[in-house]
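The first residue in the sequence is number 1, and the count goes up from there. Both counts, for ligands and for their atoms, begin at 1 and track the order of listing.
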Amino acid sequence: MEKTKGEILAEKLFDKKENGWLKEDDTNNIMDFAEGYMAYLNKAKTERLFIKNAKKDLEAAGFQDINKVDNLKPGDKVYYINRDKGLFASVIGDQDLEFGMQLVGAHVDSPRLDLRPNPLYESDDMAFFKTRYYGGIKTYQWTTIPLNLYGVITKANGEIININIGNDPDDPVFVITDLLPHLAYKQEKKTLGNGIDGEDLNILIGSIPFKDDKVSNAVKLNILNILNKKYGITERDFISAELELVPAFEARSLGFDKSMVAAYGQDDKVCAYTSLKAIINLEKVNKTATLILADKEEIGSMGNTGMYSNTFEYYINLLLEKTNQNDYNKVNTVLCHSKLLSADVTAAYDPNFADVFEKNNESYINKGVSINKYTGGNGKGGASDANSEFVGYIRGILEKNKITYQLTDMGKIGMGGGGTIAYILANRGMDVIDLGIPVLSMHSPYEVTSKFDVYMAYLTYKAFLED
Ligand code: MN
Ligand code: MN
């Protein structure tokens, strides 16, 4: 049948947002890439573990610690580790730094439960850890799920003890109990937001008492005795610890068609992983290509490992110095001439919660990378709002490389909002736009992404860094 005039015109003029799998002929690569991604998530659930693994991978790919290099020339590869929780990595370009860098910036921290400085207590012959949640969580989602414990304890003598209870199959798990439905008549009348209070997020960690009638808090004592034998610590050492509880779930393929990834911490380790792979696999660079893996995004990017930190300027100074371009301070020139993809996730449209979304302006899983021109809520409050010219430039790269993408907002007006590191770097003068991956159940213990989108993100970051 011949197409009608209207059909031909519609084909030419309408913006069709198609499911990426329909036209996909690269399914094997997509599935293989997702396998690598899931394996990574299982060994790198915290910011420290992610940076540790990223450093290993960068070194294997020929990146050197910038502090151990005197001079840098085009093609050289360097990294800078920021307090084991963040990093910068660069491939030096042919063009001088003052013409700007191509940057991709993701974050490696995810919502979780942190131990408080005095976490350990006993109640009615059970021992618990007291927590304070980190980032935006729905507290009720964190009860009755298995949890791992990761982090470090620094003793007063400077000795650092690594804690990793979760990566060995013989490791125990920890859990927050919830009330049985039989006795929850009162609890169930509470709103969803305060059904479980922040102060209710207490971790059950033991129940055997130390055998001695003379001591009180015998279960707590027994736990401390176990910890003392294993790690040489006493109760006071928790004061200088950073210990995080994260879901023990393994990353798994989701669905009969295995089209999706279900895993904890995909915000924003999905962008961290894809951009890390992108900089490792760069085939050419024109401008200096730089990867930022930041910490503390989930609590406002503050502190010396967050994106607000001057450590970033310090790193640019190191690059300038070692490429012999530091005749005068050119850091601002580099900043103002640079371009950044703020690589962070966005909310995927969920038909189960359709009423909070504006269907024409949302991200859909399987429809490619998601570009957010602005974030914020309501009247774009706090957003850096990329300009038309820069959006056009990014579209150009995507279309040239046949990468599936969607330009989106996040939610109906008045439903909430969010932010990323975008505005922080836009404030410093660079062209910035948010470009990441749509996520279902974002900030939950088990987030969902599409393997197609994950691969598109990898292709995007690579193409952008090579531009
Ligand atoms: Mn994020
Ligand atoms: Mn987040």
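Angle subtended at the Mn ion (ligand 1) by D344 OD2 and D267 OD1: 150°, rounded to 10 degrees.
In this structure, Y393 has its ring center under 6.0 Å from that of F390. Ring centroids of F129 and F238 are separated by less than 6.0 Å, placing the two rings close together. Residues F88 and Y315 bring their aromatic ring centres within 6.0 Å.
Distances from the Mn ion (ligand 2) show that E298 has an N/O/S atom below 2.8 Å. Taking 2.8 Å as the criterion, C271 does not count as a coordinating residue of the Mn ion (ligand 1), since none of its N, O or S atoms falls below it.
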Going through the checks in order, is the salt bridge (charged side-chain N to carboxylate O under 4.0 Å, His left out) test met by E313 and R428? CA-CA 10 Å; E313 278 84 348; R428 295 186 196 175; 3.0 Å; yes
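The Mn ion (ligand 2) sits nearest to atom NE2 when only the N, O or S atoms of H443 are considered.
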